[in-house]
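Report on one structure; see the data block that follows.
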Amino acid sequence: LPLRFDWRDKNLVTSVKNQMDCGACWAFSIVDTVESAYAIKGQPLMELSVQQVIDCSYMDNGCNGGSTLSALKWLYQSQSKLVRSSVYPFKSRTGSCHYFPATEFGVSIKGYKAYELSGLEDEMMRVLIHNGPLAVIVDALSWQDYLGGIIQHHCSSGHSNHAVLVVGYDTSGDIPYWIVKNSWGTSWGIKGYVHIKMGVNICGIADFVAYPEM
Amino acid sequence: PAPRRLLEERYKVFLESVERHKYLNGFRQSAGDAFYGINPFSDLSAEEFSHIHLKSYPAMKDDYIVPNKTTSRENA
């Protein structure tokens with residue numbers, strides 16, 4: 001495994017989004033995984049519709065919360081095609097599900113995987129490199145005040161409440177860390193990203209890991 | 001245009017955030033450690049922040065595959 005790996009270096013991660021007051025981090029992280037996985041397959045990197053997932057993933061609760069895994073299940077089982085974000089833009093509130101004609105461009109998935117990798121962060125590195133960015137659910141209560149640096153304390157596992165995207169890692173320094181994309185805009189954290197210490201399941205980062213198969 | 005009472009309430013929450021930043025920054029041991037301070041969420045209480053922004057939850061534990069730890073470590 002390389003000492004450092006970051007999907008952004010290959011221009012395979014879309015820009016940081018802002019979920020505003022809509023509690024749909026689960027939809028943002030899943031759409032992020034699909035955007036990257038589609039681009040990793042050699043297709044253009046493009047922003048897909050988070051609002052479509054918010055409105056249409058019927059096992060979730062839109063802006064009132066949801067699960068990354070149930071969103072992936074919905075995408076797979078319904079074979080829904082995620083349309084471009086410009087076609088179905090984000091409104092920061094739950095709405096009715098819009099349907100599109102079969103001729104409309106969209107991205108569907110061929111499957112999905114979900115792992116519990118606590119104690120296996122070396123395996124998580126391998127999964128990240130082989131499959132693309134990973135949707136994870138963390139305990140982000142202590143992230144409210146975060147400005148930068150590597151989170152190593154005050155972030156336990158066992159209270160998962162926020163979905164984000166792991167895009168890379170860096171083990172070249174004294175403290176190895178995961179590189180994590182959030183959906184709270186670029187004025188939060190490190191231009192919208194957060195660094196989390198690797199190896200001890202800080203924030204429960206390895207507890208609930210999921211990604212689509214394209 | 002918010003009433004003065006609401007502004008004072010928000011300011012009180014903001015001051016509590018500043019105290020929380022001092023507490024969290026007290027654990028810093030090196031330059032690379034996380035640091036905390038004023039950001040777009042500083043006028044929210046921890047409860048409000050949690051209620052608005054922390055709305056995801058995992059599926060059933062059984063839905064997640066747990067790889068064989070010994071095998072994975074040996075492979076790694």
Side-chain angles (χ1 to χ4, degrees), chain A residues 1 19 21-26 29 61 63-70 73 113-120 122-123 125-126 137-155 160-163 173-175 177 184-185 187-189 194-196 207-210, chain B residues 2 6 9-76:
Chain A
L1 294 169
Q19 66 185 79
D21 287 346
C22 168
C25 52
W26 57 277
S29 68
N61 294 306
C63 287
N64 289 320
S67 157
T68 50
L69 189 48
S70 55
K73 276 183 187 171
K113 285 281 191 300
Y115 289 107
E116 198 265 271
L117 295 170
S118 57
L120 293 168
D122 45 2
E123 179 71 6
M125 294 159 73
R126 191 189 61 78
I137 309 179
V138 296
D139 178 350
L141 190 60
S142 68
W143 293 18
Q144 178 177 0
D145 309 299
Y146 177 79
L147 294 181
I150 305 168
I151 293 180
Q152 305 173 60
H153 314 285
H154 304 292
C155 204
S160 305
N161 49 35
H162 183 53
D174 292 340
I175 303 164
Y177 60 86
W184 292 342
S187 58
W188 178 88
V194 52
H195 294 167
I196 299 172
D207 282 338
F208 304 104
V209 178
Chain B
L6 290 178
E9 280 176 15
R10 281 301 109 192
Y11 187 59
K12 190 180 164 200
V13 169
F14 173 78
L15 292 179
E16 286 167 359
S17 293
V18 172
E19 288 304 310
R20 195 172 58 238
H21 304 157
K22 286 180 192 167
Y23 171 77
L24 291 169
N25 285 327
F27 291 89
R28 297 192 74 211
Q29 293 173 342
S30 67
D33 282 355
F35 52 100
Y36 302 89
I38 297 166
N39 72 8
F41 301 131
S42 295
D43 64 347
L44 296 176
S45 69
E47 292 74 24
E48 289 168 326
F49 172 75
S50 178
H51 181 71
I52 297 167
H53 296 287
L54 307 180
K55 302 281 245 182
S56 188
Y57 43 82
M60 298 288 286
K61 198 90 176 167
D62 292 349
D63 288 338
Y64 294 85
I65 301 163
V66 183
N68 181 306
K69 294 196 177 190
T70 309
T71 307
S72 296
R73 285 199 173 120
E74 283 169 359
N75 288 343

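What you are looking at is a predicted structure, and each value in this text was computed from that prediction instead of being measured. In what follows, chains are A, B, ... by sequence order, proteins preceding strands, each numbered from 1.
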ask   = With a 4.5 angstrom heavy-atom cut-off, which part of H53(B) approaches chain A: side chain, backbone, both or neither?
value = both
request  = Give a yes or no on whether the backbone of L141(A) and the side-chain of D139(A) come within a donor-acceptor separation of less than 3.5 Å.
outcome  = yes
query = Is chain B contacted by the side chain of I151(A), its backbone, both, or neither, given a heavy-atom distance below 4.5 Å?
reply = both
request  = Can you tell which part of I137(A) gets under 4.5 Å to a heavy atom of chain B, answering side chain, backbone, both or neither?
outcome  = side chain
inquiry  = To check you understand the geometry: which heavy-atom pair defines the closest contact between A59(B) and L69(A), and what is its length?
reply    = CB-CD2, 3.7 Å
note = Among S29(A), G173(A), G185(A), A140(A), the residue with the most heavy-atom pairs under 4.5 Å to chain B is A140(A)
message = Under a 4.5 Å cutoff for heavy-atom pairs, which residue among W26(A), Y146(A), W143(A) has the most contacts with chain B?
response = Y146(A)
query = E48(B) and S50(B): side-chain donor and acceptor closer than 3.5 Å?
reply = no
key: Region of I150(A) in contact with chain B, defined by heavy-atom distances below 4.5 Å   = both
S56(B) side chain to H162(A) backbone, donor-acceptor under 3.5 Å = no
query = chain B: which of G23(A), G189(A), G65(A), A114(A) shares the most heavy-atom pairs with it under 4.5 Å?
reply = A114(A)
key: chain A contact via R20(B) - which portion, at a heavy-atom distance below 4.5 Å   = side chain
query = Would a distance-only check, ignoring hydrogens and angles, find a side-chain to backbone donor-acceptor pair under 3.5 Å from D43(B) to F14(B)?
reply = no
Toward chain B, the part of V209(A) with a non-hydrogen atom under 4.5 Å = backbone
inquiry  = Less than 4.5 Å to any heavy atom of chain A: does that hold for the side chain of P40(B), its backbone, both, or neither?
reply    = side chain
ask   = Relative to chain B, which segment of S187(A) carries a heavy atom at a distance below 4.5 Å: side chain, backbone, both, or neither?
value = both
request  = Please work out whether the ring planes of F49(B) and W184(A) are parallel, tilted or perpendicular, with thresholds of 30° and 60°.
outcome  = perpendicular
I38(B) portion near chain A, given a 4.5 angstrom heavy-atom threshold = backbone
query = Just by distance, do the side chain of R126(A) and the backbone of L1(A) share a donor-acceptor pair under 3.5 Å?
reply = no
request  = Describe, in one word, how the ring planes of F27(B) and H154(A) are oriented to each other, choosing from parallel (under 30°), tilted (30 to 60°) and perpendicular (over 60°).
outcome  = perpendicular
Note: E19(B)-K22(B) ion pair, threshold 4.0 Å (strictly below) = yes
key: Partner chain A: residue of D33(B), I65(B), L24(B), D63(B) with the largest heavy-atom pair count (under 4.5 Å)   = I65(B)
